[in-house]
Amino acid sequence: MNRLISFMHEHGALGIDDIKAMKLHVFKIRCGNQFFALKAYSNPAKLEQQHLFFKEWEASSSYGAAPIAFPNGLRYVEDGKDHWGLFEWIDGEALNFRYKRDRQEALKFLYAFHTSCRGTTKPIIQRSPLYIKFERRAEVFNDTRPLFRNLGREHLYEDIAEVCDITLRAFRNENWKGIHEKAHTEKSWIHGDVAHHNFIRTDTGEIKLIDFDLLQMGPEVYEFIQLGQRYLHHIDHSWSKLTSLFRDVPNKKQWLKGLLVPSDFMREWIHLTRRFKDDYRRMDAELVEYEQMWQERKRFVEKVLDMLS
């Protein structure tokens, strides 16, 4: 951090009076009486896209933490390894999806966010359909089968993999080409990572989004699939609570099919394997709760599949 402060000062980019690490390559900094977020990027194009989007997005100040040029006018500062970008700092607390109020507010905000940026023409950022992301995650998950076997829970791997195969096949077969074309015609935008920690409630009670690294022009239903998966555990996999929350979701059939793909379960397991690596004792302990949660999800999936059939 001291080297970073010195580097910024030497290059005339920023005078930093205080700095605090928030997570890897993200820092909260104080310059005089102002606070900013300082973030490192390996690819400056991702930062440039955010600058252009916020410039074109008329309602940006009401919804998101904007990227800011450095005092010397540059959009990023390169230190030979990383490209550093500066962002507005949003004071407040992250939402917590365990609480009904926060779930409702995040969903309401997401509808308003989509409406506010629909029609923004620049930049053109298009990514692969969501089912391809799900397929790639499933491939990484499949590579961990030997670990399940070593921990004596290969049956759990097989159960998750089987449900993934069934639900992903149904999700993949939807008309995603047409849905993407409609999104691009309407210039629909999605944030790309609607995790609870990216929704900040400010001291005045407003909600704002941070971290637009996965911003793209694409189907809004993708955000509701991700949000629905994150809600399920907190609403006890209740079908009635889920449908009452998401009654106005677009592309409802595709949303429901995407919701059933256990991609979020695979993500959590992949994170656990990376976090604990060769600590089999810790992973085995984590798997106890993981399997209990999976049984709840499996019952929900089976119930909805029966309804769809």
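Predicted model, so just to flag it, every value in this text is computed and none were measured.
Between Gln126 and Ile124, some side-chain heavy-atom pair lies under the 4.5 Å cut-off. For the pair Glu158 and Arg145, the minimum side-chain heavy-atom distance is below 4.5 Å. Residues Asn198 and Val194 are not in side-chain contact: their nearest non-hydrogen atoms beyond the backbone lie 4.5 Å or more apart. Two residues are said to be in side-chain contact when any heavy atoms from C-beta on lie closer than 4.5 Å; Leu260 and Leu308 meet this criterion. Side-chain contact between Met293 and Lys298 is absent, with no heavy atoms from C-beta onward closer than 4.5 Å. The shortest side-chain heavy-atom distance between His114 and Phe109 does not fall under the 4.5 Å cut-off.
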Next on the checklist: Does Glu174 form a side-chain contact (heavy atoms from CB on, under 4.5 Å) with Lys257? I'd like the steps, not just the answer.
Outcome noted: CA-CA 9 Å; Glu174 291 298 313; Lys257 288 187 176 182; 2.7 Å; yes
Checklist entry - Are Tyr131 and Tyr222 close enough, and set up right, to give a ring pair (Phe, Tyr, Trp, His ring centres under 6.0 Å), and what steps lead you there? => result CA-CA 10 Å; Tyr131 71 82; Tyr222 287 170; 9.0 Å; no
Next on the checklist: Please determine whether side-chain contact (heavy atoms from CB on, under 4.5 Å) holds for the pair Glu56 and Thr120, giving the CA-CA distance in whole Å, both sets of side-chain angles, and the decisive distance to 0.1 Å.
Outcome noted: CA-CA 6 Å; Glu56 297 291 324; Thr120 303; 3.7 Å; yes
Next on the checklist: What verdict does the side-chain hydrogen bond (donor to acceptor under 3.5 Å, both in side chains) test give for Tyr99 and Gln104, after you've listed the backbone C-alpha separation in whole Å, the side-chain angles of each residue and the deciding distance to 0.1 Å?
Outcome noted: CA-CA 9 Å; Tyr99 303 121; Gln104 291 173 332; over 6 Å; no
Checklist entry - How far apart are the C-alpha atoms of Arg3 and Asp79, what are their side-chain angles, what is the distance that settles it, and do they pass the salt bridge (charged side-chain N to carboxylate O under 4.0 Å, His left out) test? => result CA-CA 11 Å; Arg3 286 196 296 270; Asp79 65 3; over 6 Å; no
Next on the checklist: Evaluate Tyr157 against Phe141 for ring pair (Phe, Tyr, Trp, His ring centres under 6.0 Å), listing each step before the verdict.
Outcome noted: CA-CA 9 Å; Tyr157 162 82; Phe141 179 79; 5.4 Å; yes
Next on the checklist: Between Arg230 and Gln226, is the side-chain contact (heavy atoms from CB on, under 4.5 Å) condition met? List the steps.
Outcome noted: CA-CA 6 Å; Arg230 292 179 181 275; Gln226 186 182 51; 3.8 Å; yes
Checklist entry - Run the side-chain contact (heavy atoms from CB on, under 4.5 Å) check on Glu88 and Lys208 step by step: do they pass? => result CA-CA 11 Å; Glu88 176 187 9; Lys208 288 198 174 185; 4.0 Å; yes
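For the 3.5 Å distance criterion, the side chains of Glu223 and His191 fail to qualify, holding no donor opposite an acceptor. Counted by atom type alone, Trp84 and Asp82 present zero donor-acceptor pairs between their side chains at under 3.5 Å. With no hydrogens or angles considered, no side-chain donor-acceptor pair links Asp102 and Asn96 at under 3.5 Å. For Trp269 and Thr144, the side-chain atoms include at least one donor-acceptor pair closer than 3.5 Å. Side-chain contact annotation: His155 with Glu291, donor-acceptor N/O pair under 3.5 Å present.
Smallest separation of non-hydrogen atoms from Ile160 and Pro262: O-CG, 4.2 Å. Pairing each heavy atom of Leu259 with each of Ile225, the nearest pair is CD1-O, 3.7 Å. Across all non-hydrogen atoms, the minimal contact from Met266 to Tyr290 is N-OH, 4.2 Å.
Once rounded to the nearest 0.5 Å, the distance linking CZ of Arg247 with CG of Leu107 reads 9.0 Å. In this structure, CD on Glu162 lies 8.0 Å from CG on Asp165, to the nearest 0.5 angstrom. Rounding to the nearest 0.5 Å places CZ of Phe300 at 8.5 Å from OG of Ser238. Note that the CD1 atom of Ile200 and the CG atom of Leu209 stand 9.0 Å from one another [nearest 0.5 Å]. Taking CZ of Phe148 as the start and CE of Met283 as the end, the distance is 10.0 Å to the nearest 0.5 Å. The distance from atom NE2 of His234 to atom CG of Asp236, rounded to the nearest 0.5 Å, is 10.5 Å.
Annotation: ring-ring contact (aromatic ring centres under 6.0 Å, His included) contacts of His184 (sequence neighbours excluded): His180. When the side-chain contact (heavy atoms from CB on, under 4.5 Å) test is applied to Ser60, the partners found at least two apart in sequence or on another chain are Phe54, Trp57. For Lys39, the salt bridge (charged side-chain N to carboxylate O under 4.0 Å, His left out) partners are Asp211, Asp213, not counting sequence neighbours. Taking Asp18 as the reference, nothing meets the salt bridge (charged side-chain N to carboxylate O under 4.0 Å, His left out) condition, with sequence neighbours excluded. Under the ring-ring contact (aromatic ring centres under 6.0 Å, His included) criterion, Tyr111 pairs with Phe224, sequence neighbours left out. Every side-chain contact (heavy atoms from CB on, under 4.5 Å) that Gln292 has, sequence neighbours left out, goes to Val288. Residues meeting the side-chain contact (heavy atoms from CB on, under 4.5 Å) test with Ala106, sequence neighbours left out: Leu95, Phe97, Phe199, Tyr231. In this structure, the salt bridge (charged side-chain N to carboxylate O under 4.0 Å, His left out) partners of Glu135, at least two apart in sequence or on a different chain, are Arg172. Glu286 pairs by the side-chain contact (heavy atoms from CB on, under 4.5 Å) definition with Leu272, Phe276, Arg282, not counting sequence neighbours.
Within 6.0 Å of atom NZ in Lys187, more than 12 heavy atoms from other residues, nucleotides or ligands are found, so the atom counts as buried in its surroundings. For Lys252, the NZ atom sits in a packed shell: over 12 heavy atoms of surrounding residues, nucleotides or ligands are nearer than 6.0 Å. By the 6.0 Å contact criterion, CD on Glu58 is open, its count of non-hydrogen atoms from other residues, nucleotides or ligands being 12 or less.
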Per-pair distances, 0.1 Å, donor-acceptor, side chain in residues 19-29, under 3.5 Å, sequence neighbours excluded:
none

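Between Tyr76 and Phe70, a ring centre-to-centre spacing not shorter than 6.0 Å is recorded.
The hydrophobic clustering, which links ILVMFWY residues whose side-chain heavy atoms are closer than 4.5 Å, places Ile235 and Val301 together. The same ILVMFWY cluster, assembled from side-chain heavy atoms under 4.5 Å apart, contains both Phe212 and Leu130. Clustering ILVMFWY residues whenever any of their side-chain heavy atoms sit less than 4.5 angstrom apart, transitively, puts Phe113 in the very cluster that holds Ile125. Under a hydrophobic clustering in which Ile, Leu, Val, Met, Phe, Trp and Tyr are joined whenever their side-chain heavy atoms come within less than 4.5 Å, directly or via other members, Ile210 and Phe53 fall into different clusters. Note: the hydrophobic cluster containing Val249 also contains Leu242 (ILVMFWY, side chain heavy atoms under 4.5 Å, direct or indirect links).
Applying the salt bridge (charged side-chain N to carboxylate O under 4.0 Å, His left out) test to every pair with at least one member in residues 259-276, sequence neighbours left out, gives these pairs: Asp264-Arg297. Here salt bridge (charged side-chain N to carboxylate O under 4.0 Å, His left out) pairs that include residues 112-128, with residues two or more places apart or in two chains, are Arg118-Glu220.
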